[in-house]
Every structure is written in C-alpha cells, then in structure tokens.
Amino acid sequence: TTTALIVAYALVAGRPILARTVEIFVAHAQVDCVAVVIAAGDEDLYRQSVTLRSDKLLAPIPGDDTRQRSVLCGLRGLASRKPAKVLIHD
C-alpha cells in the first residue's frame, strides 16, 4: 500500500486517527475484543501508531488486496472466538 494515502494513520492533534479509534472501542464496556485488519507492509506503521496495550486488543490481522477480501480475513481471524456480533468499521 501507499501508506502516505491511508487516512487511518493521519495525525489529528498529534495522534493517529487509528489509535484514537482503537482506544474508543477498547474502552467500550460492550466490546469484548478489537481486531484491526491492516495492509501487508503496514506492520511497523501499525505498531508505531497503535501503542495501546490491552487484553481486548488482538494482534493485527493481515488483510488482502480488496476491502471485501480484507473483511473476510478479519472475520476468519475472529472465527475461533465465535463472536455473536461483529462490528466492521471502515
């Protein structure tokens, strides 16, 4: 991917949008876990951006070449947890 074009890593008031979003979901009482699907090659950028440590935050899940396939990767990554509900936030 061209990470320069990915809005999720853009800074707002000095912090990445993705970090802010992850923190909101992790803090929510009705959210059991948070899984972020990332593009291949974004692992370092993700680790630099999302510094929160929480048992609710799962390891990032590698995506695919389209949004639809990336969503499927995320769902497959959650399958062993057998979630009753999944929220997909893009």
| said: Are the side chains of V86 and L75 in contact, using a 4.5 Å heavy-atom criterion? | reply: yes
| query | Who pairs with Y46 by ring-ring contact (aromatic ring centres under 6.0 Å, His included), at least two apart in sequence or on another chain? | reply | none
| note | For R20, the salt bridge (Lys or Arg N to Asp or Glu O under 4.0 Å) test, sequence neighbours excluded, returns none
| task | Could you tell me the separation between the NZ atom of K56 and the CG atom of D32, rounded to the nearest 0.5 Å? | result | 7.0 Å
| message | Please report the interatomic distance OG(S70) to CG(D65), rounded to the nearest 0.5 Å. | response | 7.5 Å
| query | Side chains of L78 and R81: closer than 4.5 Å at any heavy-atom pair? | reply | yes
| message | Hydrophobic cluster membership, with links at side-chain heavy-atom distances under 4.5 Å among I/L/V/M/F/W/Y: are L87 and L57 in one? | response | yes
| request: With the side chain counted from C-beta on, respond yes when Q30 and K85 share a heavy-atom pair under 4.5 Å apart, and no when they do not. | output: no
| So, do V34 and L58 sit near enough that their side-chain heavy atoms are less than 4.5 Å apart? | no
| message | Between V37 and R67, is there a side-chain heavy-atom distance shorter than 4.5 Å? | response | no
| query | Quick one: are L72 and R76 in side-chain contact, heavy atoms under 4.5 Å? | reply | yes
| request: First locate atom CG of L18, then atom OH of Y9, and finally report the distance between them rounded to the nearest 0.5 Å. | output: 6.0 Å
| request: State the CD-NE2 distance between E23 and H28, to the nearest 0.5 angstrom. | output: 15.5 Å
| note | Closest non-hydrogen contact found for S49 with A19 is O-CB, 3.2 Å
| field | Closest non-hydrogen atom pair between H89 and F25, with its separation | value | CD2-CE1, 3.6 Å
| request: Start with the C-alpha distance between D44 and R47, add both sets of side-chain angles, then the distance that settles side-chain contact (heavy atoms from CB on, under 4.5 Å), and finish with yes or no. | output: CA-CA 5 Å; D44 288 339; R47 279 190 287 278; 2.9 Å; yes
| task | Determine, using the 4.5 Å side-chain heavy-atom cutoff (strictly less than), whether I24 and V12 are members of one ILVMFWY cluster. | result | no
| request: Apply the side chain to side chain contact (heavy atoms under 4.5 Å, CB included) test between V26 and each candidate in L52, D55, T21; give the one that qualifies. | output: L52
| Rounded to the nearest 0.5 Å, how far does SG of C73 lie from CD1 of I61? | 8.5 Å
| task | Indicate, with yes or no, if V50 and I6 share a hydrophobic cluster defined by side-chain heavy-atom contacts under 4.5 Å among Ile, Leu, Val, Met, Phe, Trp and Tyr. | result | yes
